[in-house]
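One structure is given below, encoded as structure tokens.
Order of listing sets the numbers, starting from 1, for every ligand and every atom in it.
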Amino acid sequence: MLRIAYFGPQGTFTEQAARALAPGEDLTPYETVRMALTAVREGAADAACVPIENSVEGVVPTTLDGLSDGDPLVAVAETILPIHFSVLTRPGGGEIRTVASHPHALAQVREWLEANLPGATVVASSSTASAAVGVVEGTYDAAVSAPVAIEHYALEELATGVADVHDAQTRFLLVRRPGELPEPTGADRTSIVAAAVNRTGTLAELLAELASRGINLTRLDARPTRNNFGEYRFFIDFEGHVAEPRIVSAMAALRRRCHLRFLGSHPRADDVAATVEPGAGNQDFVEAQAWVDAVLKGEGA
Ligand SMILES: O=C(O)C(=O)C[C@]1(C(=O)O)C=C[C@@H](O)C=C1
């Protein structure tokens, strides 16, 4: 049985994602994303399930930083969950003066809180489920939690189906130490971190390497390097798998231009097939390489 670390405690959205990505495996909650990633790096777990991006609030910065610092980890699978919340209170618990949740969750229910709990102080907690634990322990009066949290904690639902944006979604990754890659499927995502030197046009040059090979981006984020003010690392997700000739060509070109960290190639949860521009399909790359090889061998011109 595989040992899967996940961003807990029990009752987080990430636990649900871990159950979907690693059914029947041995799941262990960790208090922070960083601790779950460290468990994999140190060999205490075989893989970790962590949130990466939300359709309303964007990326989860602790996950990006946790993947770009420390020993390399690669994503081997992803899943996307619909996100709506339950607001949980102590049974019969009176006035709600404090309401807690993960910052990403709070950002997704701002309007609901203003309309329904206008007098309550909003407090950030380490996860949606840790907010529920805080309500049980009497630290907070209400928690904005994943609907499954009610199964784990002796609390009452003040409201369910809470969300300012009703079709919100979060994408989660299953990450491992580098090893065998998942097979390409034609509907894959590749993720990299690029640290380019700070001079005119470097980001445009990196993106041009992808654009000129007809590779469609699915995400682009910048995070500070944390060493020099104004220096950034770029997190780039794009369609395709590193085992495909056109992606091999792009990765090699990027590697010549910047420090690169490979964060994985894996099937997309939404199963969207890669866009292929005319002249930029894998077969086009294979045929072009075959022509150059023939020229080199003196067998063609
Ligand atoms: O706290 C949780 O339940 C989580 O799994 C984290 C998390 C996030 O980081 O975005 C996951 C999904 C929701 O968007 C809110 C919180």
(message) Centroid separation under 6.0 Å, is that true for the rings of Phe13 and Phe85?
(response)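 They qualify: ring centres under 6.0 Å apart.
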(message) Does Thr218 form a side-chain hydrogen bond (donor to acceptor under 3.5 Å, both in side chains) with Glu239? I'd like the steps, not just the answer.
(response) CA-CA 7 Å; Thr218 57; Glu239 292 178 359; over 6 Å; no
(request) Output, in order, the C-alpha distance, side-chain angles, deciding distance and verdict of salt bridge (charged side-chain N to carboxylate O under 4.0 Å, His left out) for Glu205 and Arg257. (result) CA-CA 8 Å; Glu205 286 167 9; Arg257 291 188 180 276; 3.2 Å; yes
(message) Show, in sequence, the C-alpha distance, side-chain angles and deciding distance for Thr79 and Arg171, and conclude whether the side-chain hydrogen bond (donor to acceptor under 3.5 Å, both in side chains) test is met.
(response) CA-CA 6 Å; Thr79 191; Arg171 186 164 65 90; over 6 Å; no
Please state which part of [X] comes within less than 4.0 Å of ligand 1, counting heavy atoms only: side chain, backbone, both or neither.
X	result
Ser127	both
Thr12	both
Thr14	both
Val60	side chain

(request) Just do the side chain to side chain contact (heavy atoms under 4.5 Å, CB included) check on Asp69 and Arg34 with the steps written out, would you? (result) CA-CA 10 Å; Asp69 297 331; Arg34 190 166 275 276; 4.0 Å; yes
(message) Applying the side chain to side chain contact (heavy atoms under 4.5 Å, CB included) criterion to Ser130, which one of Ser101, Pro9, Ser145 satisfies it?
(response)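 Option passing the side chain to side chain contact (heavy atoms under 4.5 Å, CB included) with Ser130: Pro9.
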(message) Using a plain distance cutoff, I'd like to know if Pro51 has any nitrogen or oxygen under 3.5 Å from a nitrogen or oxygen of ligand 1.
(response)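 Not met; the criterion fails.
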(message) Among all protein heavy atoms in this structure, tell me which lies nearest to atom 6 (C) of ligand 1, with the distance rounded to 0.1 Å.
(response)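 Going by distance alone, atom 6 (C) of ligand 1 is nearest to Phe7 CE2, 3.7 Å.
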(request) Name the closest protein heavy atom to atom 12 (C) of ligand 1, giving the residue it belongs to and the distance to 0.1 Å. (result)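 Going atom by atom, the protein heavy atom closest to atom 12 (C) of ligand 1 ends up being Thr170 OG1, 3.6 Å.
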Out of all atoms in ligand 1, which are within 4.0 Å of some heavy atom of [X]? Include the element for each.
X	answer
Thr128	1 (O), 2 (C), 3 (O)
His104	8 (C), 10 (O)
His102	1 (O), 8 (C), 9 (O), 16 (C)
Asn54	14 (O)

(message) Looking at Trp112, is its backbone amide N or carbonyl O close enough to the side chain of Asn116 to form a donor-acceptor pair, meaning the two atoms are under 3.5 Å apart?
(response)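 Confirmed, Asn116 side chain pairs with Trp112 backbone.
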(message) Tell me whether ligand 1 is touched by Gln108 - counting only heavy atoms on the residue side and a distance under 4.0 Å.
(response)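 Heavy atoms of Gln108 do come under 4.0 Å of ligand 1.
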(request) Give the intermediate values and the outcome of side-chain hydrogen bond (donor to acceptor under 3.5 Å, both in side chains) for residues Asn54 and Gln108. (result) CA-CA 9 Å; Asn54 171 260; Gln108 295 177 68; 3.1 Å; yes
